[in-house]
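A quick write-up on the structure given underneath.
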Amino acid sequence: MHQKYWVMHMTKFKYHSRSAVVAYQDLLRQLADADAASFQGTLEERHRNGRTYLYERFRIGATMKARYIGEDSPALRVRIAQAEVLRQQEKERAAERTRLVRVLRAEGYGRVDSETGAILNAFARTGVFRLGGTIVGTNAYTLYEGELGVMLPRDEFAQTGDIDIASFEKLSVALDDRVTEDTSEVLAGLSFEPMPSLDGRHVWRWKQTTRETLVEFLTPAFGEEGLRELPALGVSAQGLNYLNFLIAEPVKAVALYRSGVLVQVPRPERYALHKLIVASRRKAGIDSLKARKDRAQAAFLIAVLAEDRPDELAEAWEVA
């Protein structure tokens, strides 16, 4: 009886106002525009496994360099074509982004705490999300407020001290690009210390010395869940089964910190179903508490998606 009541309670939700939803979409577009405004070279296409990836080629001295921009899409090509105009308008656009963040805060959108915001901002600046990094775990869950236009429950199920970043190993190798600053040095500047793995050679976890925050890097495994390299991000990563389903075809999202940070998260329907998969693998002790949190997040998202995006939820179920 208690469990039935808890599930019913968790699946109630309330929508944000139309003006708030529009403001979020405007902010998302503005941040994507700002990202594309840095393009000043020539466009290059690279084709892999039936997909097209876009690069910016530019010269530094006598050397030609290539910077990965993103997977080919009509929207990205339009932004690249408008890069010069976007650069000229950047001052006005920056002021508009600040205004939109202020609107979203007034409308009750959740914002990330200053420590988490500083970490995500640093990762965005150095190219972690541009190069395939995807936020997973509860920090991704909290960002679905903008994607779905609903108010998230403000309870223990939306709280975390960890930041988990996942990326495909093969993509990280194939991109032939790298973050602009060494990830370990970025984290050291934010008071993080590496936590060496058992073999003493690989580092995939960092712990903040001033608080309990953990940053972990993950990658899909297909059987053995060992450590692997993510050369584009300059880190090692823990392999986990079923993660490939979660981070395929991610979407952009905004973390409300300063004037907004453009990040990448899993599709909400895949996140919800992945949480059910993970919960089924957690058994006793602290894992049982984590499983309860997993199911609570899944219950809320599935209720919203069943109402607003039933076809996408059904498709994700078939893929899973």
Side-chain angles (χ1 to χ4, degrees), residues 18-48 50-61 63-105 107 109 117 120-135 143 146-149 167 171 174-181 232 249-267:
R18 178 177 294 182
S19 61
V21 171
V22 170
Y24 178 85
Q25 293 300 322
D26 282 349
L27 180 58
L28 185 64
R29 176 179 52 79
Q30 289 260 6
L31 287 168
D33 287 346
D35 217 29
S38 63
F39 182 91
Q40 300 186 61
T42 58
L43 190 64
E44 176 185 328
E45 296 182 6
R46 297 185 187 180
H47 305 278
R48 303 186 194 94
R51 294 177 180 269
T52 301
Y53 300 91
L54 301 182
Y55 287 75
E56 175 189 13
R57 287 189 63 82
F58 56 95
R59 185 181 297 277
I60 298 181
T63 306
M64 290 300 296
K65 299 286 187 178
R67 184 178 75 98
Y68 176 66
I69 303 171
E71 189 170 347
D72 192 8
S73 71
L76 180 55
R77 285 185 179 266
V78 167
R79 287 190 170 97
I80 292 171
Q82 297 175 342
E84 178 60 32
V85 173
L86 294 174
R87 279 195 299 276
Q88 294 174 0
Q89 299 173 345
E90 177 54 24
K91 185 175 181 180
E92 294 79 8
R93 286 173 171 270
E96 176 63 7
R97 292 194 295 272
T98 299
R99 186 190 72 82
L100 289 170
V101 169
R102 191 160 55 243
V103 168
L104 292 172
R105 287 174 173 168
E107 289 280 351
Y109 271 73
L120 297 183
N121 191 48
F123 284 167
R125 185 188 73 248
T126 60
V128 167
F129 304 117
R130 173 175 59 85
L131 294 167
T134 301
I135 302 172
L143 295 177
E147 171 70 15
L148 299 174
S167 182
L171 176 64
L175 286 179
D176 191 28
D177 196 2
R178 188 180 172 90
V179 287
T180 57
E181 298 176 39
E249 302 177 345
V251 296
K252 299 296 184 182
V254 179
L256 292 188
Y257 173 74
R258 295 185 177 176
S259 295
V261 181
L262 186 65
V263 300
Q264 188 163 266
V265 296
R267 293 185 175 276

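Computation of the quantities below employed the complete heavy-atom set of this structure, encompassing side-chain atoms and omitting hydrogens, waters and symmetry-equivalent molecules.
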Does the ring of Tyr55 carry Arg46 above it, NZ/CZ under 6.0 angstrom from centre and within 45° of its axis?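 Verdict for Tyr55: a cation-pi partner in Arg46.
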Answer yes or no: is there a donor N or O on one side and an acceptor on the other, between the side chain of [X] and the main chain of [Y], under 3.5 Å?
X: Glu56; Y: Gln40; answer: yes
X: Arg77; Y: Asp72; answer: no
X: Tyr109; Y: Val103; answer: no
X: Thr98; Y: Ala94; answer: yes

Check this for me: does any side-chain nitrogen of one of [X] and [Y] sit under 4.0 Å from a carboxylate oxygen of the other?
X: Glu90; Y: Arg97; result: yes
X: Asp33; Y: Arg93; result: yes
X: Glu96; Y: Arg99; result: yes

To the nearest 0.5 Å, what is the distance between [atom1] ([X]) and [atom2] ([Y])?
X: Arg105; Y: Leu256; atom1: CZ; atom2: CG; value: 6.5 Å
X: Ile80; Y: Asp35; atom1: CD1; atom2: CG; value: 10.5 Å
X: Leu131; Y: Leu171; atom1: CG; atom2: CG; value: 8.5 Å
X: Lys252; Y: Leu143; atom1: NZ; atom2: CG; value: 13.0 Å

Shortest non-hydrogen contact between [X] and [Y], atoms and distance:
X: Leu31; Y: Gly260; result: CD2-O, 3.6 Å
X: Ala83; Y: Ala36; result: CB-O, 3.7 Å
X: Leu262; Y: Phe129; result: O-CD1, 3.8 Å
X: Leu76; Y: Glu71; result: CD2-O, 3.6 Å
X: Ser19; Y: Glu107; result: OG-OE2, 3.5 Å
X: Arg267; Y: Val251; result: NH1-CG1, 3.7 Å

Going through the checks in order, is the side-chain contact (heavy atoms from CB on, under 4.5 Å) test met by Tyr257 and Asn121? CA-CA 8 Å; Tyr257 173 74; Asn121 191 48; 4.0 Å; yes
May I have all residue pairs that pass ring-ring contact (aromatic ring centres under 6.0 Å, His included) and include part of residues 19-42, sequence neighbours excluded?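 Found none.
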Is the shortest side-chain heavy-atom distance between Val254 and Leu104 below 4.5 Å?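 A side-chain contact under 4.5 Å is absent here.
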Any side-chain heavy atom of Ile135 within less than 4.5 Å of one from Gln264?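 Answer no - side chains too far apart.
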Does Arg18 have any side chain to side chain donor-acceptor pair (under 3.5 Å) partners at least two apart in sequence or in another chain, and if so, which?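 Not a single residue meets the side chain to side chain donor-acceptor pair (under 3.5 Å) criterion with Arg18.
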Only counting residues at least two apart or in another chain, list the ones meeting side chain to side chain donor-acceptor pair (under 3.5 Å) with Arg57.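 For Arg57 the side chain to side chain donor-acceptor pair (under 3.5 Å) partners, ignoring immediate neighbours, are Glu44.
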For Arg258, does the CZ atom sit with more than 12 other heavy atoms under 6.0 Å from it, leaving out its own atoms?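 It does not: Arg258 CZ has 12 such atoms or fewer within range.
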